[in-house]
Novice: 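Have a look at this one before I ask anything.
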Amino acid sequence: MKLQADRIEGTNAIARHGPDGVIVHGREHLQTAVIPSQGEVIDWPVASFDDLTEAHFKTLAEMKPELVIFGSGSRIRFAKPALLRPLIDARIGVETMDTPAACRTYNVLLAEGRTVVAALLFEGASSTTR
């Protein structure tokens, strides 16, 4: 049996992830990022989990996905429900997991054709994109 990697044409599949960033379309993103299923990967101006505000989640809600996968860093941490209010009010699902699991789950949902956004935190991330 020959195994081949899935290619999800026209979408932002995460090719590789690590503790300090992700690679999407051959471009390395070494800071917190928002990865929509299609379109540009966006730098997410969040330095750490403790810096999260309602405005950060409002930005995600404005993208109008059916689901947000929130990668909270190297370990799972849940944002306060008040911060998630923009997503709740817009009836957008949100799943929280550590960032490595969020990357894997995002790719699975993307392969299913879902309109999904990954919001990924990286501890100690720099502000560099290559």
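Computed from a predicted model, the values in this text were never measured in an experiment.
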Novice: Give the cluster check for Leu30 versus Leu121: same hydrophobic cluster or not, with ILVMFWY residues linked at side-chain heavy-atom distances below 4.5 Å.
Specialist: no

Novice: So, are Glu54 and Arg85 salt-bridged, with charged N and O less than 4.0 Å apart?
Specialist: no

Novice: Verify, without hydrogens or angle tests, whether Thr59 (side chain) and Glu62 (backbone) share a donor-acceptor contact under 3.5 angstrom.
Specialist: no

Novice: Search all heavy atoms of Met97 against all heavy atoms of Thr105 and return the closest pair with its distance.
Specialist: SD-OG1, 3.3 Å

Novice: His56 side chain to Pro45 main-chain N or O, any donor-acceptor pair under 3.5 Å?
Specialist: yes

Novice: Would you name the heavy atoms of Pro86 and Lys58 that are closest together and state the gap between them?
Specialist: CB-CA, 3.6 Å

Novice: Measure the shortest side-chain to side-chain distance between Leu87 and Phe57 over non-hydrogen atoms and say whether it is less than 4.5 angstrom.
Specialist: yes

Novice: Please check if the side chain of Ser72 supplies one atom and the backbone of Arg77 the other of a donor-acceptor pair under 3.5 Å.
Specialist: yes

Novice: If Ile, Leu, Val, Met, Phe, Trp and Tyr residues are connected whenever their side-chain heavy atoms lie under 4.5 Å apart, and connections chain through other members, are Val46 and Val94 in the same group?
Specialist: yes

Novice: Does a sphere of radius 6.0 Å around CD in Glu40 hold more than 12 heavy atoms from other residues, nucleotides or ligands, not counting ones at 6.0 Å or beyond?
Specialist: no

Novice: Which pair of non-hydrogen atoms, one from Tyr106 and one from Asn12, has the smallest distance, and what is that distance?
Specialist: OH-O, 3.0 Å

Novice: State yes or no: do Ile88 and Val68 share one hydrophobic cluster built from I, L, V, M, F, W and Y residues joined by side-chain heavy-atom distances below 4.5 Å, directly or via other members?
Specialist: yes

Novice: Please round to the nearest 0.5 Å and tell me the distance separating atom CD1 of Ile42 and atom OG1 of Thr32.
Specialist: 11.5 Å

Novice: How close do Ile14 and Leu120 get, heavy atom to heavy atom, and via which atoms?
Specialist: CD1-CD1, 4.2 Å

Novice: Heavy atoms only: give me the nearest Gln31-Phe122 pair and the separation to one decimal.
Specialist: O-CD1, 3.5 Å

Novice: Locate the shortest heavy-atom distance separating Pro65 from Val117; write the atom from each residue and the value.
Specialist: CB-CG2, 3.7 Å

Novice: Run the numbers on Phe70 and Leu60 for side-chain contact (heavy atoms from CB on, under 4.5 Å), then give the verdict.
Specialist: CA-CA 10 Å; Phe70 172 53; Leu60 302 176; over 6 Å; no

Novice: Rounded at 0.5 Å granularity, tell me how far CG in Leu109 sits from CZ in Arg104.
Specialist: 13.0 Å

Novice: Assess whether side-chain contact (heavy atoms from CB on, under 4.5 Å) is satisfied between Leu67 and Glu95, documenting all intermediate values.
Specialist: CA-CA 8 Å; Leu67 181 62; Glu95 293 291 334; 4.1 Å; yes

Novice: Considering the options Ile69, Asp98, Val22, which one meets the side-chain contact (heavy atoms from CB on, under 4.5 Å) requirement together with Cys103?
Specialist: Val22

Novice: According to a hydrophobic-cluster definition based on side-chain heavy atoms being under 4.5 Å apart (Ile, Leu, Val, Met, Phe, Trp, Tyr only), do Val116 and Ile35 belong together?
Specialist: yes

Novice: Checking Ile23 against His29 for the side-chain contact (heavy atoms from CB on, under 4.5 Å) test, could you report, in this order, the C-alpha distance in whole Å, the side-chain angles of both residues, the deciding distance, and whether it holds?
Specialist: CA-CA 6 Å; Ile23 295 178; His29 300 272; over 6 Å; no

Novice: Report yes if some heavy atom in the side chain of Pro100 is under 4.5 Å from a heavy atom in the side chain of His17; otherwise report no.
Specialist: yes

Novice: Hey, what do you get for CG (Asn107) to OG1 (Thr11), rounding to the nearest 0.5 Å?
Specialist: 8.0 Å

Novice: Decide yes or no on side-chain contact (heavy atoms from CB on, under 4.5 Å) for Ile92 and Met63, but give the supporting numbers first.
Specialist: CA-CA 10 Å; Ile92 296 170; Met63 299 175 88; over 6 Å; no

